[in-house]
*Asks:* 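My structure is below; once you've seen it, I'll send some questions.
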Amino acid sequence: MILVTSQEIDAIGEGDNVRLARRTMDEILNELKKAFRVLTELGVETIIFAADHGYLFGEELTEDMKIDSPGGDTADLHRRVWVGKGGRADTAFLRAKLSDFGLGGDLEIATPWNFACFKVKGGTEAYFHGGLSPQELIIPVVTLIPKQNISVGITSEISWTMETGSQKISTRFFSVTIKGDATGIFELVPPKVRVEVRVKKDCISQPATASYGFEEATGDVQLQKTVDNPRAIESNTIALMITQDQPAKTVASVHLLDAVSGAELARILKIEIAIAI
């Protein structure tokens, strides 16, 4: 049995770094795919993943969403829960005894209905845990059973061509055009791919758009055959956003990857980064 836990999203979100938190969330599906692939290669037969709870990350928390806690003898107080004795009852929150949930002691618990929160000091305004909202009550659990043989989506060898939109990476957005031709005798099955800009081994880019086949959730791109030639892959221009600052004259590389297996299909070396800050 292998147990993997993560608290990065909570830690970054509660640190009130909205830009970094959203970027981390955008990338998490691709990171999960990599983790599942590694576990499968290690022989894991069943993968179960779940969240401990949801979160609210939309509009900032406003004053009309904040309510007073029950008061009384307070043992613990957070935005989404009050624990203590005495105080008042209110239709704005649920109140019950801890013993009602099979816990010992004589303390009581209160939690706001819907998206309301108790008034407390500190905390980020954009990312927060609500009360009895669907995000907190419904916990997603997914069970995956890997296939015996992982198909990489390619049943014919392909000769790849990659062209960059410019000789240098001079802005935050950088485009790469890819196309391919079958070189084997078997039928061409266009793969799902991913393009990355790397400095050494670190990926510094995030897929933004593509001419066709772009999946917003993962950043992967499903390629397709050309209409007039079933042995050629339709040209596709993929736009990448550079997400990490780099010193001037840093040398990067561009990598075309099979999105399912992670295998590298093609690369372009020695692309200079010259972004004006």
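Side chains are part of it too, since the values below use all heavy atoms of this structure and drop only hydrogens, waters and symmetry mates.
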*Asks:* Taking 4.0 angstrom as the limit, do R231 and D181 come out as a salt bridge?
*Replies:* no

*Asks:* Judged by atom type as modelled, is there a donor-acceptor pair below 3.5 Å linking the side chain of K225 to the main-chain atoms of L188?
*Replies:*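 Yes; at least one donor-acceptor contact below 3.5 Å.
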
*Asks:* Apply the test side chain to side chain contact (heavy atoms under 4.5 Å, CB included) to residues I275 and T171: give CA-CA distance (whole Å), side-chain angles for both, the deciding distance (0.1 Å), then the verdict.
*Replies:* CA-CA 5 Å; I275 299 177; T171 68; 5.9 Å; no

*Asks:* Quick check: does any side chain N or O of T177 sit under 3.5 Å from a backbone N or O of N236, one acting as donor and the other as acceptor?
*Replies:*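 No, T177 side chain to N236 backbone: no donor-acceptor pair under 3.5 Å.
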
*Asks:* My understanding is that only residues two or more places apart in sequence, or in another chain, count here; which of them pass side-chain contact (heavy atoms from CB on, under 4.5 Å) with L137?
*Replies:* L132

*Asks:* Which residue, L223, L265, T237, forms the side-chain contact (heavy atoms from CB on, under 4.5 Å) with I178?
*Replies:* L223

*Asks:* CG of D220 to NZ of K33: how many Å apart, nearest 0.5 Å?
*Replies:*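 The CG atom of D220 sits 3.0 Å away from the NZ atom of K33.
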
*Asks:* Would T183 and S159 count as a side chain to side chain donor-acceptor pair (under 3.5 Å) here? Give the steps.
*Replies:* CA-CA 6 Å; T183 59; S159 175; over 6 Å; no

*Asks:* Distance from T218 atom OG1 to L32 atom CG, nearest 0.5 Å?
*Replies:* 11.5 Å

*Asks:* Using the rule that two of Ile, Leu, Val, Met, Phe, Trp, Tyr join whenever any of their side-chain heavy atoms come within less than 4.5 Å, decide whether F174 and I268 are in one cluster.
*Replies:*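 Yes; tracing contacts between hydrophobic side chains, which count when under 4.5 Å, links both residues.
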
*Asks:* Taking the side chain as C-beta and beyond, is there a heavy-atom pair between K179 and I233 under 4.5 Å?
*Replies:* no

*Asks:* Between the side chains of H255 and E196, does any donor sit under 3.5 Å from an acceptor?
*Replies:*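 No.
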
*Asks:* Test side chain to side chain contact (heavy atoms under 4.5 Å, CB included) on I273 and V199 and set out the steps.
*Replies:* CA-CA 10 Å; I273 297 179; V199 172; 4.0 Å; yes

*Asks:* Nearest 0.5 Å, please: how far is CE in M65 from NZ in K119?
*Replies:*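 Result: 13.5 Å between the selected atoms.
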
*Asks:* Is a side-chain donor or acceptor of T164 paired with a backbone partner of Q167 at a separation under 3.5 angstrom?
*Replies:* no

*Asks:* Please report the closest heavy-atom contact between P112 and C117, naming both atoms and the distance.
*Replies:* CG-CA, 4.0 Å

*Asks:* Might you confirm whether atom CG of L103 has over 12 heavy atoms from other residues, nucleotides or ligands at distances under 6.0 Å?
*Replies:* yes

*Asks:* Determine the sole option in D100, L94, V81, D76 for which the side-chain contact (heavy atoms from CB on, under 4.5 Å) test with I109 is passed.
*Replies:* V81

*Asks:* Quick check: closest heavy atoms across A92 and D90, and the distance to 0.1 Å?
*Replies:* N-OD1, 2.8 Å

*Asks:* With sequence neighbours left out, which residue pairs that include part of residues 232-242 fulfil the salt bridge (charged side-chain N to carboxylate O under 4.0 Å, His left out) condition?
*Replies:*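 Sorted pair list comes back empty.
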
*Asks:* So that I can tick it off, tell me whether K192 and D258 are bridged by a salt bridge, with the cut-off set at under 4.0 angstrom between side-chain N and carboxylate O.
*Replies:* no

*Asks:* Please step through side chain to side chain contact (heavy atoms under 4.5 Å, CB included) for the pair T46 and L144, ending with a clear verdict.
*Replies:* CA-CA 6 Å; T46 303; L144 300 177; over 6 Å; no

*Asks:* Would a single hydrophobic cluster contain both M162 and F214, if residues Ile, Leu, Val, Met, Phe, Trp and Tyr are joined by side-chain heavy-atom contacts under 4.5 Å?
*Replies:* yes

*Asks:* Would you say T250's side chain and Q246's backbone share a donor-acceptor pair under 3.5 angstrom?
*Replies:* no

*Asks:* Is R267 close to S253 at the side-chain level, that is, under 4.5 Å between some pair of heavy atoms?
*Replies:* no

*Asks:* Hey, could you give me the OG/CD distance between S235 and Q224, rounded to the nearest 0.5 Å?
*Replies:*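 The OG atom of S235 sits 11.0 Å away from the CD atom of Q224.
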
*Asks:* With heavy-atom distances below 4.5 Å as the criterion, would you say the side chains of L240 and S175 are in contact?
*Replies:* no

*Asks:* Given V254 and V195, is the side chain to side chain contact (heavy atoms under 4.5 Å, CB included) satisfied, shown in steps?
*Replies:* CA-CA 7 Å; V254 182; V195 178; 3.8 Å; yes

*Asks:* Should the pair F93 and F118 be assigned to parallel (<30°), tilted (30 to 60°) or perpendicular (>60°) ring geometry?
*Replies:* perpendicular

*Asks:* Would a hydrophobic clustering, with Ile, Leu, Val, Met, Phe, Trp and Tyr connected at side-chain separations under 4.5 Å, put I47 with L42?
*Replies:* no

*Asks:* Nearest heavy-atom pair of A210 and V221: which atoms, and what distance?
*Replies:* CB-CG2, 4.0 Å

*Asks:* Please tell me whether V142 and I139 are part of a single hydrophobic cluster in this structure, the criterion being side-chain heavy atoms less than 4.5 Å apart.
*Replies:*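 No; tracing contacts between hydrophobic side chains, which count when under 4.5 Å, never links both residues.
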
*Asks:* As an exercise, state the distance from OG of S166 to CD1 of I271, rounded to the nearest 0.5 Å.
*Replies:*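 The distance works out to 8.0 Å.
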
*Asks:* When rounded to the nearest 0.5 angstrom, what distance separates CD1 in I238 from OH in Y212?
*Replies:* 8.5 Å

*Asks:* Can you spot which of R95, K97, R88 makes a salt bridge (charged side-chain N to carboxylate O under 4.0 Å, His left out) with E108?
*Replies:* R95

*Asks:* Got a sec, which hydrophobics cluster with V227, joining ILVMFWY side chains under 4.5 Å apart, including via others?
*Replies:* none

*Asks:* Taking all non-hydrogen atoms of both residues into account, name the closest pair between P70 and A110 and its distance.
*Replies:* CG-CB, 3.8 Å

*Asks:* F49, I2: one ILVMFWY side-chain cluster at the under-4.5 Å cut-off?
*Replies:* yes

*Asks:* What I want to check is whether the side chains of W82 and T74 have a donor and an acceptor closer together than 3.5 Å.
*Replies:* yes

